[in-house]
Number of protein chains: 2
Amino acid sequence: MNNRSQNISQQDDYIDHVKSRGRVHPEQTVLYHQGDGVSGFYRVNSGIVMVYRLLPDSQRQISGFYTQGDFFGLSSSDAHPDTAVTVSTANIVMLTLHDIRQSIALQKTLFDMACSQLDTAQTLITTLTKRSAAEKVATFLVMLSQRQGQQGVSFDIRLPMSRQDIADYLGLSIETVSRMLTKLKDGGVIHLPNRNTIHICDYIRLKIIAREKSVQN
Amino acid sequence: MNNRSQNISQQDDYIDHVKSRGRVHPEQTVLYHQGDGVSGFYRVNSGIVMVYRLLPDSQRQISGFYTQGDFFGLSSSDAHPDTAVTVSTANIVMLTLHDIRQSIALQKTLFDMACSQLDTAQTLITTLTKRSAAEKVATFLVMLSQRQGQQGVSFDIRLPMSRQDIADYLGLSIETVSRMLTKLKDGGVIHLPNRNTIHICDYIRLKIIAREKSVQN
DNA sequence: CGACGCCTTGAATTTAGTCAAAAGTAGTGG
DNA sequence: CCACTACTTTTGACTAAATTCAAGGCGTCG
């Protein structure tokens, strides 16, 4: 799929073209800091990136986890409102404002991504405000399963982030996250072979707990 | 907010052009329904619009309140994930997909708006997960004050939405919203002359309670 | 006036948070 | 390979906060 860099009218061509510029970063690499000037947007080629805000009282709100194909760092303001850091080794491309000006198709993609992230944010808000701690944790695990392309009833998922990261994403305390995982384990829904792996024993039940709309698949 | 979009003269021309097509709707008019096909985006010329999602268990999550100059209905999917309804009499313009194709500047504006709404959503998530009920209600009142262009220490704000609307926006019960308003009243921060008006007696203190970054202004 | 809808208040309950301690996991160096 | 240490996660007991359920008040409009 590698093509000459001249014709960039097709979106996929342009993404492919730019994708090859990706750089690999080890885990815990900061890609940009809260307050840094915005000089472009980012795309995840591989790995996981976490974006968070630090509040004045030194609390931390994790805005999201981004995986292959996701864009992040989208902002219309001059300065990034959040910090982006790799959770695992990750290959990341930066799209400069110059790149974006080059391709109408890329602009369209970015708009679609922004809209899609808006939708995701609203869905998250619903989870955060209308769901119990148990439901939040189950929802998080379902999200991870989907992102890792898992299907079926029983499978392993990787959990590269810490319990504290999960807590800061779901707006719970680390103790509550731990308790809910234990509860799911005691209920036979999951297994916890080690701290960075979760074995889903009963995905159907997990989805019911998470109140997924489509309990199928 | 979206400072990058301010300097594009062409954009304002186009907005002005389209703005004149706005139509006035009485309060409680549904502009689109959850599930309707997306045939364009909307801009508020005047009045207030509320956007919400109905969940399968008939709970309601209010995604946002939109006022003059705000865009809403931004979605990259085929169907609207939410319902938009006027809270007060409102003048609304619909931008068709055809309109948007016409103007590069408008596309840019829409992207900036989407990014700005993403930022707003993340800030809201922080409020919802890290703040107490009292802080949430205070934050809501500060937001209303800012939207209504209020300044100084003491002034009236209109409250066209119901207590239930506020509760569904902040993820609280209606009783808690009521109790927190009472608490603010008892603390001398606000007055409640009638159900649709709040008199802010001490905006400084309100902002402190809301943990506003800039307690100035 | 009376009825309805919306808002407020009160009491009991539930949920998640906090504080404290124990258990488990890496990682290091002898 | 084991012991030591530092860190993360889990568990337990208690506390604080918000929800729920129930009743009462207030306005509005017929």
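Lettering follows sequence order; numbering is per chain, from 1. Just the heavy atoms: all of them, side chains too, but no hydrogens, waters or symmetry mates, feed the values below.
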Charged N to carboxylate O below 4.0 Å: is that the case for A:D165 and A:R195?
no

Tell me the interatomic distance from A:I174, atom CD1, to D:dT11, atom P, rounded to whole angstroms.
13 Å

Closest nucleotide among D:dT9, D:dA18, C:dG17 to the A:R163 side chain
D:dT9

Could you tell me whether A:D99 and A:R43 have a side-chain N and a carboxylate O separated by less than 4.0 Å?
no

Look at the side chain of A:R53 and the backbone N and O of B:T126, then say whether any donor-acceptor pair between them is shorter than 3.5 Å.
no

I need the CD1-P distance between A:I166 and C:dA16, as an integer number of Å.
16 Å

Check whether any side-chain N or O of A:T176 sits under 4.0 Å from OP1 or OP2 of C:dG17, and answer yes or no.
yes

Return the nearest nucleotide to the side chain of A:T182; candidates are C:dT8, C:dA16, D:dT10.
D:dT10

Regarding C:dC19, can its base be found pairing with the side chain of A:E175 as donor and acceptor, where the two atoms are less than 3.5 Å apart?
yes

Side-chain atoms of B:L172 come closest, of D:dT9, D:dA18, C:dC6, to D:dA18

Specify the separation, in whole Å, of atom CG of B:L192 and atom C1' of D:dG27.
15 Å

Is the distance from OP1 or OP2 of D:dG27 to the nearest side-chain N or O of B:R195 less than 4.0 Å?
no

Main-chain N/O of B:I48 paired to B:S88 side chain as donor or acceptor, under 3.5 Å:
yes

Which listed nucleotide (D:dT11, D:dT19, D:dA18) is nearest to the side chain of B:S173?
D:dT19

In whole Å, I'd like the distance from the CG atom of A:N194 to the P atom of D:dT10.
11 Å

Under 4.0 Å, counting only non-hydrogen atoms across every strand here, what does A:S178 touch: a base, just sugar-phosphate, or nothing?
base

Contact nearer the 5' end of DNA chain C, comparing B:Q164 with A:G171
B:Q164

Of the candidates D:dT9, D:dT11, C:dT8, the side chain of A:K185 sits closest to D:dT11

Interatomic distance where CG belongs to B:D186 and P belongs to C:dG10 [whole Å]
10 Å

Closer than 4.0 angstrom, basic N to acidic O: yes or no for A:D57 and B:K130?
no

Taking atom types as they are modelled, is there a donor-acceptor pair under 3.5 Å from the base of D:dT20 to the side chain of B:R179?
yes

Rounded distance in Å - CG (A:L170) to P (C:dT15):
18 Å

